[in-house]
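Notes to accompany the following structure.
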Amino acid sequence: MKDQNCLFCKIIEGDIPSSKVYEDEYVYAFRDINPQAPVHVLVVPKEHIASVDAVDPGNSAYVAKCFEAIAKIAKAEGLVSGYRVISNCGEDGGQTVMHLHFHIIGGVKLSEKIV
Ligand code: AMP
Ligand code: ZN
């Protein structure tokens with residue numbers, strides 16, 4: 001199910017261009033337009049799920065597929081020494097696009113640990 005007003009749904013549909021790094025039946029992944037590290041990939045479910053807060057038993061399989069994709073993408077991107085996965089949720093979490101996404105950040109020794 002797509003949301004016609006959603007930026008990432010439009011990217012998944014190919015209506016807005018993106019730099020694709022991975023795609024399967026459930027997941028689409030592309031490079032962030034404003035990278036915060038040498039590798040900065042966004043992994044999104046092909047189902048419109050607004051955020052982590054909207055994950056439920058009916059759509060959580062998409063989350064599992066996202067994480068399977070994350071492991072594959074990290075290997076393909078050569079992130080052998082590790083990386084960080086972030087999902088900002090809601091206003092206080094700093095989420096700016098209301099379609100669930102996981103940032104893969106890596107390619108450099110990361111600092112600024114929040115947790
Ligand atoms: P968040 O702030 O966690 O919601 O993350 C949204 C991310 O989407 C930001 O890191 C933006 O740089 C990224 N972004 C916004 N528009 C695009 C786009 N057209 N293509 C790729 N990344 C985008
Ligand atoms: Zn969407």
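The first residue in the sequence is number 1, and the count goes up from there. Values below: all heavy atoms of this structure, side chains included; hydrogens, waters and symmetry mates excluded. Remember, it's 1-based here, ligands and their atoms both numbered in the order they're listed.
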*Taking the side chain as every heavy atom from C-beta outward, state whether V27 and E68 have any atom pair closer than 4.5 Å.*
no
*Under 4.0 angstrom from ligand 1, any heavy atom of H101?*
yes
*asked:* I'd like to check which ligand 1 atoms, numbered from 1 as shown, lie under 4.0 Å from a non-hydrogen atom of N34.
replied: 12 (O)
*Are any of the side-chain heavy atoms of R31 and V21 separated by less than 4.5 Å?*
yes
*Under 4.0 Å from a heavy atom of F8: give me the atoms of ligand 1 that qualify, with their elements.*
8 (O)
*F30 heavy atoms, cut-off 4.0 Å: which ligand 1 atoms fall inside?*
21 (C), 22 (N)
_Restricting to non-hydrogen atoms, name the atom on S60 and the atom on V55 that form the minimum distance, rounded to 0.1 Å._
CB-CG1, 4.0 Å
*Taking ring-ring contact (aromatic ring centres under 6.0 Å, His included) as the test, write out the residues that go with F8, two or more places apart.*
F30, H101
_Check for me whether G94 has a heavy atom closer than 4.0 Å to any atom of ligand 1._
yes
*So is H103 in contact with ligand 1, going by heavy-atom distances below 4.0 Å?*
yes
*Can you check the number of protein N/O/S atoms within less than 2.8 Å of the Zn ion (ligand 2)?*
4
*Do H99 side-chain atoms and P45 backbone N/O form a donor-acceptor pair below 3.5 Å?*
yes
_Suppose I only count heavy atoms of T96 and a 4.0 Å limit; which atoms of ligand 1 are within that range?_
1 (P), 2 (O), 4 (O), 5 (O), 6 (C)
*Side chain N59, main chain A54, donor-acceptor under 3.5 Å*: yes
*Close side-chain approach of K46 and E23, heavy atoms under 4.5 Å*: yes
*What atoms of ligand 1 come closer than 4.0 angstrom to any heavy atom of R31?*
21 (C)
_Pairwise side-chain contact, F67 with V43, heavy-atom cut-off 4.5 Å (strictly under)_ = no
*Exceeds 12 heavy-atom contacts within 6.0 angstrom, atom CG of D24*: yes
*Enumerated ligand 1 atoms positioned under 4.0 Å from heavy atoms of Q95*: 4 (O)
*asked:* Given L7, L100, D32, V97, identify the one with the heavy atom nearest to atom 11 (C) of ligand 1.
replied: D32
*Indicate yes or no for a side-chain donor-acceptor contact from E77 to the backbone of G107 under 3.5 Å, with no hydrogens or angles considered.*
no
_Heavy atom to atom 18 (C) of ligand 1, shortest distance: which of I86, I33, I105, L42 holds it?_
I33
*asked:* Evaluate Q95 against V52 for side chain to side chain contact (heavy atoms under 4.5 Å, CB included), listing each step before the verdict.
replied: CA-CA 10 Å; Q95 185 178 6; V52 169; over 6 Å; no
